[in-house]
Amino acid sequence: MRLHCLVIPSYSRDYLYVIGLRKVQSMLDIKLIREKTELVEKSLARRNGGFSVKPLLICDEEFRQVQIEWEELNRRTNEISEHFKKGKLEPSEAEALKEETKKLKVRRQEIESLRQDLEKKLFELQLGLPNLPDQAVPDGADEKANKEIKRWGNLPKLQNPMHHYEIGSQLKIFDFERGVKISESRFTVLLDKGAKIERALMNFMLDFHSKRGYLEVFPPILVNRDCMVGTGQLPKFEGDFYKCADDALYLIPTAEVPVTNLYREEVLAEEQLPILHCAYTPCFRREAGSAGKDTRGYIRQHQFNKVELVRFTTPEKAAAEHEQLTLDAEGILEALELPYRRILLCSGDLGFAAQKCYDLEVWFPAQNQYREISSCSVFGDFQARRANLKYKPADGGKARYMITMNGSALAIGRTMAAILENYQQADGSVLIPKALQPYLNGMTALKPEL
RNA sequence: GGAGAGGUGUCGGAGUGGUCUAACGUGCAGUCCUGGAAAGACUGUCUGCGCCAAAAGCGCAGCGAGGGUUCGAAUCCCUCCCUCUCCGCCA
């Protein structure tokens, strides 16, 4: 990887689409925006983010005007070249045509830079628009308007429950201080049984999903910029991710990024769908804007482990598959017998790329509240447009965009924290959930050293 | 990191300045042939965008990417990326 990759930011393929006159990927369908402007505006307004397609439409109009002239210049140039092809022109005629082409070329160069600027701007405006919320998503400005869908499990009856980090420190399975020493804040060292539980959870979750038909993948953890744009992290949230200084690569914030991009720029057959993947990866997030939040403990780390579910499907099946994917994530919580609830996010709390999203929240006794442990989102064709994920319909029609969806199942660090809190005993020990015991050589409890 | 060879449509693979969206083969779809199938024959078969209410139609762009030479570039020149082989280095 050469340094110039970084020096020229426009080197990325996303911008080459513009500069190289290759197809421009629409994030929201540009035709939909033109034809159903009011509808799109209304839908975007539900997000309460101040989004509007107006600047995009103005730019689109300008761009098309320029594009029309540009195409006409090319057409005439091609026409002149036809005359030469057919051969034997009078010298004076040939000269005149050469002159004309030179003039056309000058004009084209003028218009070319304008065209490129407009196309790039158009592209950026498109990339900056979030997905449209699904009909089923309730209106609301923030998390207060989220809707609880269901609750599962009985809350443990505990007197003065300890926080997971207190329990973990006491059991000597977390070493927060040394994590900070060898890295910085929000990095933690797991010791002994802590490391083993983390590993057991990964294996348990992957086995669980594999049995349900998810094909396991273990992808690269460093990905190129195209992937980050493809799933919607970039260009809008540049500051949220770790980027390599000497290579144009990013540390993934979630397995969603490499796994969703597995089929980027491909056209699959409808018979191959749905595709179900599960993947364990470490995840890296800068947590910019989270200063002061969850500073203690193991639930908000710059590096954490997660098992992710990803599905690729058709528009017809998407809604049902999203429900199933959410049930699959819940299956882990139920197998581990952790009390949780399912929340339907309101329009204002919805992630940038999401069309509809369920959050799963697990009970934390010491905090006396439910906390997010999974997010199960369906993206419609939003990611598919960005990443160019298509399938050929079985009836032989034109290639269509796939529907993508994904969900954590689950965030492993938070699962460990939830186990510590929910399974804590009065004597300071922690019971191991039955489902996990086979993954820990039959260990049934963590006991404090005497 | 060094040397060499490459990058063309579903795939294989031609093409070294115009007749090239691109031979030929293959795959796929349809029609014919057949009792049915195979073989064979014929036809069709890329994507994105624009003009258009839409269809049809027309146009523009695309041979790894960007730039250059030229009236005209898959083809010539420059830069970069990627793949393969050998060497070096390394888990």
Side-chain angles (χ1 to χ4, degrees), chain A residues 1-27 29-37 56-57 59-109 111-113 115-116 118-120 122-123 126 220-221 223-227 246-249 263-272 381 384-401:
Chain A
M1 209 66 58
R2 309 289 191 284
L3 195 61
H4 64 261
C5 292
L6 300 176
V7 174
I8 308 164
S10 66
Y11 192 76
S12 150
R13 186 99 148 274
D14 321 314
Y15 291 108
L16 295 184
Y17 275 104
V18 172
I19 291 158
L21 313 176
R22 296 188 60 195
K23 67 192 164 215
V24 173
Q25 306 142 314
S26 324
M27 306 332 128
D29 190 348
I30 186 82
K31 283 178 189 161
L32 180 77
I33 294 173
R34 278 181 210 143
E35 289 159 18
K36 312 264 186 203
T37 307
L56 175 64
L57 283 175
C59 186
D60 179 51
E61 187 55 38
E62 276 180 72
F63 171 73
R64 277 188 292 164
Q65 286 309 312
V66 172
Q67 173 88 350
I68 288 165
E69 185 179 349
W70 183 81
E71 283 185 7
E72 173 55 22
L73 291 168
N74 282 329
R75 195 201 56 76
R76 178 58 186 155
T77 306
N78 292 341
E79 191 176 67
I80 289 171
S81 147
E82 282 296 315
H83 288 299
F84 283 89
K85 254 189 226 175
K86 285 175 184 148
K88 286 161 200 140
L89 293 171
E90 295 296 321
S92 63
E93 203 181 349
E95 274 313 304
L97 287 176
K98 283 186 189 183
E99 272 310 302
E100 187 183 348
T101 310
K102 276 179 185 161
K103 278 180 195 155
L104 289 171
K105 194 177 179 179
V106 170
R107 178 60 185 155
R108 193 171 61 230
Q109 277 169 346
I111 222 167
E112 176 74 14
S113 69
R115 201 186 71 90
Q116 283 182 9
L118 283 168
E119 194 165 15
K120 185 173 171 178
L122 192 62
F123 194 56
Q126 285 188 74
I221 310 305
V223 297
N224 59 36
R225 191 184 161 85
D226 288 339
C227 289
D246 291 333
D247 300 287
L249 295 170
Y263 308 104
R264 184 150 51 83
E265 316 281 328
E266 291 190 32
V267 181
L268 305 178
E270 182 169 355
E271 292 73 24
Q272 294 174 262
D381 62 7
R385 285 175 181 279
R386 291 182 161 232
N388 203 13
L389 304 166
K390 290 188 171 180
Y391 72 96
K392 198 93 176 154
D395 64 17
K398 286 187 79 171
R400 304 166 74 195
Y401 288 111

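Residue numbering restarts at 1 for every chain, and letters A, B, ... go by the order of the sequence lines. No hydrogens, no waters, no symmetry mates; every other heavy atom, side chains included, goes into these values.
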When you check the phosphate oxygens OP1 and OP2 of B:rA61, does a side-chain N or O of A:Asn78 lie under 4.0 Å from one of them?
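Yes.
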Give one of base, sugar-phosphate or nothing for [X], where a contact means two heavy atoms less than 4.0 Å apart.
{"X": "A:Ser81", "value": "base"}
{"X": "A:Ile68", "value": "sugar-phosphate"}
{"X": "A:Lys31", "value": "sugar-phosphate"}

[Y] side chain reached by [X] side chain, heavy atoms, under 4.5 Å:
{"X": "A:Arg34", "Y": "A:Arg64", "value": "yes"}
{"X": "A:Val223", "Y": "A:Leu249", "value": "no"}
{"X": "A:Glu69", "Y": "A:Arg107", "value": "yes"}
{"X": "A:Leu104", "Y": "A:Ile80", "value": "yes"}

For Watson-Crick and G-U wobble pairs within 3.5 Å on both distances, what is RNA chain B written in dot-bracket notation, | included for inter-strand pairing?
((((((((..[[..)..(.....]].((((((.......))))))((((((.....)))))).[[[[[..)....]]]]])))))))....
Please determine, for the side chain of A:Arg34, which listed nucleotide (B:rG50, B:rC60, B:rG18) has the closest atom?
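Among the listed nucleotides, the one closest to the side chain of A:Arg34 is B:rG50.
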B:rA22 versus B:rG35 - spacing of their P atoms, nearest Å
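One P to the other, the span is 39 Å.
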Could you give the distance separating B:rU75 and B:rC24 at their P atoms, to the nearest angstrom?
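Approximately 22 Å lies between the P atom of B:rC24 and that of B:rU75.
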Looking at residues at least two apart in the chain, or sitting in another chain, which of them share a side chain to side chain contact (heavy atoms under 4.5 Å, CB included) with A:Glu62?
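Partners of A:Glu62 under the side chain to side chain contact (heavy atoms under 4.5 Å, CB included) test: A:Ile58, A:Leu118.
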If I take atom CZ in residue A:Phe63 and atom P in nucleotide B:rC51, what distance separates them, rounded to the nearest angstrom?
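In whole Å, B:rC51 P lies 10 Å from A:Phe63 CZ.
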Going by ring-ring contact (aromatic ring centres under 6.0 Å, His included), name the residues that satisfy it together with A:Phe63, two or more places apart in sequence or in a different chain.
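A:Phe63 satisfies ring-ring contact (aromatic ring centres under 6.0 Å, His included) with no other residue.
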